[in-house]
Amino acid sequence: MSSKEEFFAHIEKGYTTKGDFITMGAAMLNGETVTGAHVKVPLKTLNRHGLIAGATGTGKTKTLQVIAENLSDKGIPVLLMDLKGDLSGIAQPSPGHPKIDERHEKIGLPFEAKSFPVEILSLSEQDGVKLRATVSEFGPVLLSRILDLTVTQEGIVAVVFKYCDDNKLPLLDLKDFKKVLQYATGEGKKEFQESYGRISTSSTGTILRKIIELEQQGADLFFGEKSFEVDDLTRIDENGRGYINIIRLTDIQDRPKLFSTFMLSLLAEIYSTFPEQGDSDRPELILFIDEAHLIFKEASKALLNQIESIVKLIRSKGIGLYFVTQNPTDVPDDVLAQLGLKVQHALRAFTAKDRKAIKLTAENYPESEYYDTKEVLTSLGIGEALISALDEKGRPTPLAATMLRAPMSRMDVLTDGELKDVISSSKMVKKYNETIDRESAYEILNEKIEKAEQVAEKEKNKPAARKTSTRRSTRMNPVVKVLTSATFIRGVLGVLKKVIR
Ligand SMILES: Nc1ncnc2c1ncn2[C@@H]1O[C@H](COP(=O)(O)OP(=O)(O)O)[C@@H](O)[C@H]1O
Ligand SMILES: [Mg+2]
């Protein structure tokens with residue numbers, strides 16, 4: 001057997017799957033594509049998370065597009081965090097190109113141009129389905145994490161939530177939360193002190209300041225109604241294809257706090273909503289985070305811990321998280337260690353620091369008699385990557401330098417007109433985009449304060465009656481509560497340690 005035939009057999013054996021799979025492209029040897037040596041990732045292990053890394057312009061975003069399309073075709077819905085705004089083209093077919101045909105000929109895979117069902121979502125003023133969550137749903141633990149509060153301040157936040165719960169005051173937006181906080185050390189001081197103990201004005205002052213900072217990053221747009229139901233992310237179109245939900249985050253780059261608030265809220269909500277999967281043949285939903293360094297960059301230690309534990313736990317719900325970033329070192333080690341699929345595009349070796357990163361990256365890949373990993377890492381072309389996946393038994397597949405297939409949809413963005421068409425024909429936009437500001441803590445407390453003043457004026461004719469209400473309880477989602485409790489996380493970590501080898 002020639003070494004090429006041997007290599008073909010090696011790849012074929014390593015990438016054979018019993019169940020369904022997606023095809024990434026064909027393996028390469030000595031810089032040449034070995035036609036038909038397909039690199040396949042089983043659907044079964046796609047919930048084991050992944051990384052797409054590489055220098056700018058090497059093809060990371062297109063790889064993301066390729067995986068998303070192929071998942072959609074298999075009826076698996078996808079959520080893309082589009083920080084640069086370059087993914088909307090998925091809603092239109094590829095115009096095709098001789099170079100694409102050439103690429104696919106080498107791979108040994110027919111090229112088919114087509115569009116995919118797309119839903120556009122937004123966290124800010126931009127058009128699309130508005131993503132929102134109420135402060136109650138967000139809960140005291142996540143709110144404290146995102147505000148980076150001390151233990152004392154966190155205690156106050158918990159008391160505020162408790163007070164609202166006890167008094168049936170809906171906490172919908174940040175305006176509600178600020179109002180209760182002010183009330184606790186102002187007009188309602190006595191009432192608070194009696195039932196919940198003394199609350200220091202300096203602590204509430206700090207919390208207020210931090211909330212205002214969060215608002216300045218646009219979080220006031222995120223908190224409120226109508227809150228988004230994560231089940232709507234798993235829609236399948238009439239042809240059985242999974243929806244590709246694209247969150248346009250182009251105006252979020254300079255607002256990392258808002259981005260991590262949203263990410264954390266989304267992951268916690270998904271975790272609490274989706275049922276346990278057990279041993280499933282396919283994932284329920286795959287999330288891609290492009291430019292992922294942004295969520296880790298300004299995250300506090302507490303927030304990082306939170307992200308790490310959610311990444312660990314969410315897998316069992318059939319949710320796969322894929323981080324797309326320039327350098328694998330952008331992702332914290334604890335998260336990196338949990339990633340099953342690795343797609344490493346070319347890295348550049350300009351500086352000593354670059355070379356060190358290349359060495360570290362190479363060490364994280366399985367050894368291969370066919371490649372000098374460090375060498376391959378710097379010589380990969382555009383749209384080529386080193387791939388290592390997990391087979392159906394959870395074992396790493398053979399390392400494969402891969403000529404990736406081209407996206408079936410457009411590699412360029414939608415025009416403004418095309419984008420408008422997608423948005424105006426969306427049922428989800430109709431469902432979510434009405435701003436509601438129903439009576440909540442803010443209005444109720446204002447009313448209460450006003451009444452108290454009137455009563456005082458009438459010189460104690462009657463004491464102010466406590467307002468009762470049948471409105472929806474502000475109780476924190478119990479699963480999120482459990483999920484974020486330290487004991488629970490410690491427990492799960494213990495179990496995980498035992499399970500992982
Ligand atoms: N799989 C692919 N098939 C065809 N062309 C590709 C592929 N991957 C990348 N390219 C080409 O390389 C360009 C840059 O890719 P992109 O994914 O935007 O890079 P990155 O996200 O790493 O900066 C694309 O515009 C496209 O022309
Ligand atoms: Mg990119």
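Just so it is clear, the model here is predicted, and its values are computed rather than measured. Counting starts at 1 for both ligands and their atoms, in listed order.
When only non-hydrogen protein atoms are considered, atom 21 (O) of ligand 1 lies nearest to T61 OG1, 2.7 Å. Closest to atom 16 (P) of ligand 1 among all protein heavy atoms lies G59 CA, 3.7 Å. Of all protein heavy atoms, the one lying nearest to atom 23 (O) of ligand 1 is G57 N, 2.7 Å. What sits closest to atom 1 (N) of ligand 1 on the protein, heavy atoms only, is R405 O, 3.0 Å.
Counting the atoms of ligand 1 from 1 in the order shown, those under 4.0 Å from a heavy atom of T56 are 23 (O). Atoms of ligand 1 found under 4.0 Å from any heavy atom of A55, numbered from 1 in the order shown, are 22 (O).
Atom NZ of K431 sits in a crowded spot, with more than 12 heavy atoms from other residues, nucleotides or ligands closer than 6.0 Å.
A salt bridge is absent between R209 and E213; no separation between the charged side-chain nitrogens and carboxylate oxygens falls under 4.0 Å. Ionic pairing of R410 and E418 is present here: one or more N-O contacts between side-chain nitrogen and carboxylate oxygen are shorter than 4.0 angstrom. Note on K44 versus D20: no salt bridge recorded, every NZ/NE/NH1/NH2 to OD/OE distance being 4.0 Å or above. Using a cut-off of 4.0 Å between Lys/Arg side-chain N and Asp/Glu carboxylate O, E119 and R235 are scored as salt-bridged. Using a 4.0 Å cut-off between charged side-chain N and carboxylate O, E291 and K84 make a salt bridge. Using a 4.0 Å cut-off between charged nitrogen and carboxylate oxygen, K114 and D73 count as a salt-bridge pair.
Contacts with ligand 1 closer than 4.0 Å are made by side-chain heavy atoms of M411 only, the backbone lying farther away. Contact annotation for I382 and ligand 1: only side-chain heavy atoms (C-beta onward) come within less than 4.0 Å of the ligand. Residue contacts with ligand 1 for R103 involve side-chain atoms from C-beta outward but no N, CA, C or O (heavy atoms, distance under 4.0 Å).
Of all protein N/O/S atoms, those lying under 2.8 Å from the Mg ion (ligand 2) come to 1.
Ring pair Y432/F228 is tilted by interplanar angle, where 30° to 60° counts as tilted. The aromatic rings of F262 and F222 lie perpendicular to each other, with more than 60° between the two planes, well past the 30° mark.
Every residue two or more places apart in sequence or in another chain was checked for a salt bridge (Lys or Arg N to Asp or Glu O under 4.0 Å) with D281, and none qualifies.
Every heavy atom of G54 sits 4.0 Å or more from the atoms of ligand 1.
The ring of Y322 has its center no closer than 6.0 angstrom to the ring center of H49.
Around atom 25 (O) of ligand 1, the closest heavy atom drawn from H104, K62, H97, M24 belongs to K62.
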